[in-house]
Peer 1: 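Below you'll find the structure I mean.
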Amino acid sequence: MATGIMDRIARRGLSPFAYERLHDLKGELKAMWVHRRGVREARKRTWTPGVKLNIGCGPVITPGYVRVDFCPGVDVRVDLRRPLPIPDAIADVILCEHFLEHLRYPGQAHAFLKQCHRLLRPGGQLLLSVPDTRWPMECYVHGRTEWQDACKANKWHPQWVTTTMEHLNYHFRQQDDDRTDGHFECHRFAYDAETLEKVLRKAGFATVERRAFEPGLDAPHREIGSLFMGARK
Ligand SMILES: C[S@@+](CC[C@H](N)C(=O)[O-])C[C@H]1O[C@@H](n2cnc3c(N)ncnc32)[C@H](O)[C@@H]1O
């Protein structure tokens with residue numbers, strides 16, 4: 001209640017720019033607080049070599065995986081822009097679906113992939129997927145509608161997004177103007193296979209290969225519209 005009133009006063013009294021920065025600051029302070037608690041809890045865990053991690057898991061349930069995200073209800077609740085409280089070379093597999101595009105590029109993305117490299121044992125695998133940006137761009141240039149049709153059918157974008165250019169902008173930015181769930185939901189960068197391979201190699205991965213959707217591993221709702229990549233330490 002008190003927060004609601006303060007928010008209304010701030011919205012009325014501040015410029016839109018200042019209000020947005022205040023909103024960001026509130027989000028950042030919450031992230032710091034949640035992260036600190038998550039680090040303390042992660043340090044108390046027994047980390048068994050060979051563990052499988054699902055990093056940036058969101059609400060997706062992956063039996064056999066330790067789930068890591070900022071959202072409530074996961075096993076390790078931390079801010080993934082910061083060093084992870086997980087021992088070196090402990091993981092056999094890291095699954096990371098539709099998370100990397102939420103990080104700033106190149107700095108945060110590089111730091112995160114270096115962390116993944118550190119957590120994996122030699123020979124361990126990072127299995128990534130991100131939104132496939134070649135598909136929407138090809139459709140736009142060639143006047144094809146199948147990507148836009150998939151956006152509508154899968155409800156990837158809100159209802160106000162109707163023109164192709166609105167869909168493209170939303171794909172790139174997933175802007176938070178009309179969101180209440182914070183700036184962690186925004187897209188900060190869009191990938192194609194060449195760029196994803198480049199950042200994975202820069203982070204130290206020895207083998208990087210495009211892979212197909214794997215039923216039983218990748219979340220079913222990620223089958224369409226994703227670029228899948230596998231990297232080995
Ligand atoms: C699009 S969802 C992907 C969830 C799930 N992997 C899937 O494929 O449905 C992106 C996830 O990244 C998480 N996320 C974004 N930025 C984060 C950050 N800095 N720290 C921790 N989690 C973050 C969000 O909480 C959200 O769960």
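Numbering of ligands and ligand atoms starts at 1, following listing order.
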Peer 1: State whether Phe213 and Arg222 meet the cation-pi test: NZ (Lys) or CZ (Arg) under 6.0 Å from the six-membered ring centroid, and within 45° of the perpendicular axis.
Peer 2: no
Peer 1: Between Arg21 and Asp24, is there a side-chain N and carboxylate O pair less than 4.0 Å apart?
Peer 2: yes
Peer 1: Which protein residues come within less than 4.0 angstrom of ligand 1, counting heavy atoms only?
Peer 2: Gly56, Cys57, Gly58, Val60, Asp69, Phe70, Val78, Asp79, Leu80, Arg81, Glu97, His98, Phe99, His102, Phe184, Glu185, His221, Arg222
Peer 1: What verdict does the salt bridge (Lys or Arg N to Asp or Glu O under 4.0 Å) test give for Asp75 and Arg67, after you've listed the backbone C-alpha separation in whole Å, the side-chain angles of each residue and the deciding distance to 0.1 Å?
Peer 2: CA-CA 5 Å; Asp75 302 306; Arg67 297 169 60 237; 5.2 Å; no
Peer 1: Working note: Phe172 + Phe189, criterion ring pair (Phe, Tyr, Trp, His ring centres under 6.0 Å); need CA distance, chi angles, decisive distance, verdict.
Peer 2: CA-CA 7 Å; Phe172 277 97; Phe189 196 73; 8.9 Å; no
Peer 1: Can Lys52 and Asp92 be counted as an ion pair, charged N to O under 4.0 angstrom?
Peer 2: no
Peer 1: Between His171 and Trp147, does the ring centre distance come in under 6.0 Å?
Peer 2: yes
